[in-house]
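Throughout, a chain's letter reflects where its sequence line sits, starting with A, and its residues are numbered from 1. Worth knowing before you read on, the calculation uses all heavy atoms, side chains too, and leaves out hydrogens, waters and symmetry mates.
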Protein chains: 4
Amino acid sequence: MDPIFSKFLNLDKEKQQRVLNAALKEFARKGYDDASTIEIAKEAGISKGLLFHYFNTKKDLFLFLYDYSMKIIKTEYFDMVNTKDKDIFVRLRQVYLLKIELIHKHPWLFQFSAVSTDSKEVKKELESRKLEMESIGYGKMFEDIDESKFKEGVDVEKAKNIIFWAIGGYANKIIEEAKVSELEEPDYDKILEEFDAYLDILKVWAYN
Amino acid sequence: MDPIFSKFLNLDKEKQQRVLNAALKEFARKGYDDASTIEIAKEAGISKGLLFHYFNTKKDLFLFLYDYSMKIIKTEYFDMVNTKDKDIFVRLRQVYLLKIELIHKHPWLFQFSAVSTDSKEVKKELESRKLEMESIGYGKMFEDIDESKFKEGVDVEKAKNIIFWAIGGYANKIIEEAKVSELEEPDYDKILEEFDAYLDILKVWAYN
Amino acid sequence: MDPIFSKFLNLDKEKQQRVLNAALKEFARKGYDDASTIEIAKEAGISKGLLFHYFNTKKDLFLFLYDYSMKIIKTEYFDMVNTKDKDIFVRLRQVYLLKIELIHKHPWLFQFSAVSTDSKEVKKELESRKLEMESIGYGKMFEDIDESKFKEGVDVEKAKNIIFWAIGGYANKIIEEAKVSELEEPDYDKILEEFDAYLDILKVWAYN
Amino acid sequence: MDPIFSKFLNLDKEKQQRVLNAALKEFARKGYDDASTIEIAKEAGISKGLLFHYFNTKKDLFLFLYDYSMKIIKTEYFDMVNTKDKDIFVRLRQVYLLKIELIHKHPWLFQFSAVSTDSKEVKKELESRKLEMESIGYGKMFEDIDESKFKEGVDVEKAKNIIFWAIGGYANKIIEEAKVSELEEPDYDKILEEFDAYLDILKVWAYN
DNA sequence: AATGAATGAGCCTTCATTCAT
DNA sequence: TATGAATGAAGGCTCATTCAT
């Protein structure tokens, strides 16, 4: 029973989720340095002392969340992409759907994963994690794409980038809009329809 | 002499710049909440007391900077775009060149303008500013574009978005790379060349 | 079963000893305020909750230990001194041997009994105990000493004090040396020999 | 103006003394770990924040006090002993008078200098200071004593120890009594008279 | 009886802000 | 105008104590 974080991991799943979501949200919103542990405890409905009983330090809590997030992103996102589909648009559609689903399940996950800090202590720990992550980055998601379908004479690398950035731009727009209307459930059907429209335009352009 | 910030605005321009740049840099780097007023004062070469003599509170200083930034972005960026060029690619190239120039003159300006905070006080003030900004947002930059050149049957609004996002994606990539190699002066010629290559691809795709 | 501490006193002696020694050690080492209850529980091999089940509060535990220590010091030290020996040096030698024996049996006892605190709560309680202790203090150990052997014209009270302090100084030196070499068993024979040498010098001086 | 502690050292002497005495007292009473900075600030009549403005950390404050104490003990105690007097009793009387004077001027100085800590950080710093101190320890105070006056056949080293311990015992008795009657000014004349009486007894004993 | 999760007061420290000079 | 000493609220963390099991 004494491995690290075992106190937390032995909790019932519901309480774990409450704490994780509260922490994810606070760190995602304010960044490491400015996030308040007492705010996390309040949001999770537990006492300050208990939070430290589980995680010892703010830093340990943050790094636990980081590992937890990376694991989810890997297993429920990167690893789920079916690379049998060689067509970049089919692949992208898949990726996008997975991401929507994941955001639905873990609203603060992606924002958390982009959080930064000035704490040298934390930075150092993060660096060492980055090495492991390199092998599972976004690059993998777009490996083994069928390039024969692209218009002739085009720099395929650049073409793929354009498509990737355009889709990313659309995703950001959706996220931005979701932030504004905060608590309303987004209309996923409408979004998907619009997404497909963008994919179609790009497909017509990029392919012969 | 009683308008707010008059104490600051009556300083000689050189000192004003020193203070503004110091503040812009600190807020851009650390965000509102984690920025340190004494760090700003030190970097500007004035005392903490004097900084508060000029601006009263950290919040007021931040909002002053915000307004100052928006004004620069408006007058030296948005307003400078020559809308005589109706071709979206010509227009985009113009916008991009202006942005590079502006970053050169005010290195922390755009990073500052993207800074976030969790201080409810500040958030509220920012909201009210956003309304004013809507009228001068990026939208204006792409008004009055010649849509006749686009491939037939394409949703032009979506097409423009795609082009915008793709270019934005490229810009972000450049900024990311600049952050990594910190102090080295970027090779603007090479960047512009690559930028033009992306524009060309998009032009071939989008136009007939 | 309702007298205070009855829960503890009903335990088997072995467990009682484990708890007492753990607490004695912790308080002796760190003083009242800085001693850690969980450390005591760990060292005793019981849970934090159980420790409080036995003693209610840290303060009560401390005062219980204090009373326990005083009782031991009285019964196994003060009361053991055979006042039949009227010669101060014979008496002192006896006292010293008893003390060595007691330290051997209860290594933390004397250090504990010298522990201090700033907790006003505890101080007040200690004060009231001091009154009771006065009747059994070191004074008693040197009652009924044959003063006829001392050099004439000497203030015997002062002479006894000198002898007492000198011996005390030697004892402290030994304890200091024991602390430095921590775990090594002291060479009691050598110490006793040296002790006797000091007694001899004093005897030659003080007596005719 | 930027050498460390300059903020504190530039204060008027009266305020410095108030802070030093408050800190000395608190550390002397409770030891490093349990001393409370807020208590020090309160006793000194300043705010918590200001104390840290002067000293940055509790540790730095403690080490500053340590250095300050050692310097005083060296310059106003060890260095003041006139080693021209070879007679141990004359020397001891001198030392004792100096100590009384010093305790009068700095009531908590000697108690502070004996304070201990569990903080490894502080312990380490203290170790390095101890090396410097070795050269100025008590040993020096009793160098170059005329041993020809002692009774023949006596182990002079042991004899000196006895005298030293006896005098130390008397000093402790006086300090204990002073603690009990807290604020009353001790009757120095009476103490000195008694002290001389003890010295006389020892002299008669030890010398031919 | 026995455990250890849970609480909250209190500690050291930082920092925006005020104020005497 | 200009300085930096001074304040106190708030943050991370510890620990005696309570309580459900």
Within the 4.0 Å heavy-atom criterion, would you say [X] contacts the bases, only the backbone, or no part of the nucleic acid?
| X | result |
| --- | --- |
| A:Phe8 | nothing |
| B:Ala35 | sugar-phosphate |
| B:Phe55 | nothing |
| D:Ser47 | base |

Problem set entry | Rounded distance [0.5 Å steps], CG in D:Leu61 versus OH in D:Tyr32 |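 Going from CG on D:Leu61 over to OH on D:Tyr32, the span is 8.5 Å.
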Nearest-Å distance for atom pair [atom1]/[atom2], residues [X] and [N]:
| X | N | atom1 | atom2 | value |
| --- | --- | --- | --- | --- |
| B:Ile46 | F:dG4 | CD1 | P | 12 Å |
| B:Ile38 | F:dG4 | CD1 | P | 9 Å |
| C:Leu50 | E:dA5 | CG | P | 16 Å |
| A:Phe52 | F:dG11 | CZ | P | 12 Å |
| C:Phe62 | F:dA16 | CZ | P | 14 Å |
| B:Lys30 | E:dT14 | NZ | P | 13 Å |

Problem set entry | Upstream residue (5' side of DNA chain F) when A:Gly49 and A:Glu39 are each assigned their closest nucleotide |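 Comparing both residues, the 5'-ward one is A:Glu39.
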For this session: Using the closest heavy atom to pick a nucleotide of DNA chain F for each, name whichever of A:Thr57 or B:Gly45 lands nearer the 5' end.
Result: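 Closest to the 5' end, via its nearest nucleotide, is B:Gly45.
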Problem set entry | Geometric class of the A:Phe5/A:Phe55 ring pair [parallel <30°, tilted 30-60°, perpendicular >60°] |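 A:Phe55 vs A:Phe5 ring planes: tilted.
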For this session: Please work out whether the ring planes of A:Phe62 and A:Phe112 are parallel, tilted or perpendicular, with thresholds of 30° and 60°.
Result: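 Judged by the thresholds at 30° and 60°, the geometry between A:Phe62 and A:Phe112 is tilted.
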For this session: Return yes if the base of E:dT17 and the side-chain atoms of B:Lys48 contain a donor-acceptor N/O pair under 3.5 Å, otherwise no.
Result: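 When only heavy-atom distances are counted, B:Lys48 does reach the base of E:dT17 through a donor-acceptor pair under 3.5 Å.
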Any side-chain N or O of [X] under 4.0 Å from OP1/OP2 of [N]?
| X | N | answer |
| --- | --- | --- |
| D:His53 | F:dA5 | yes |
| D:Thr37 | E:dC12 | yes |
| B:Tyr54 | F:dA2 | yes |

Exercise. Who does E:dA1 pair with, Watson-Crick or G-U, both distances under 3.5 Å?
Worked result: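 Matched E:dA1 with nothing under the 3.5 Å cut-off.
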For this session: Once you apply the 3.5 Å cut-off to both distances, tell me the Watson-Crick or G-U wobble partner of E:dA16, or none.
Result: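 Its partner is F:dT7 (Watson-Crick or G-U wobble, both distances under 3.5 Å).
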Exercise. Among residues 14-24 of chain D, which contact DNA chain E at a heavy-atom distance under 4.0 Å?
Worked result: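 Of all residues in residues 14-24 of chain D, none places a heavy atom under 4.0 Å from DNA chain E.
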Problem set entry | Under 3.5 Å: donor-acceptor pair, side chain of C:Glu26, backbone of C:Ser36 |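 Yes; judged by distance alone, with no hydrogens or angles, the pair exists.
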Problem set entry | Donor-acceptor contact below 3.5 Å, side chain C:Gln16 vs main chain C:Leu9 |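 Yes; at least one donor-acceptor contact below 3.5 Å.
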For this session: Could you check B:Val122, B:Thr37, B:Leu51 and say which one makes a side-chain contact (heavy atoms from CB on, under 4.5 Å) with B:Lys58?
Result: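 When side-chain contact (heavy atoms from CB on, under 4.5 Å) is applied between B:Lys58 and each of B:Val122, B:Thr37, B:Leu51, only B:Thr37 qualifies.
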Exercise. What's the verdict on salt bridge (Lys or Arg N to Asp or Glu O under 4.0 Å) for B:Glu127 and B:Lys123, showing C-alpha distance, side-chain angles and the deciding distance?
Worked result: CA-CA 6 Å; B:Glu127 290 312 316; B:Lys123 260 185 176 167; over 6 Å; no
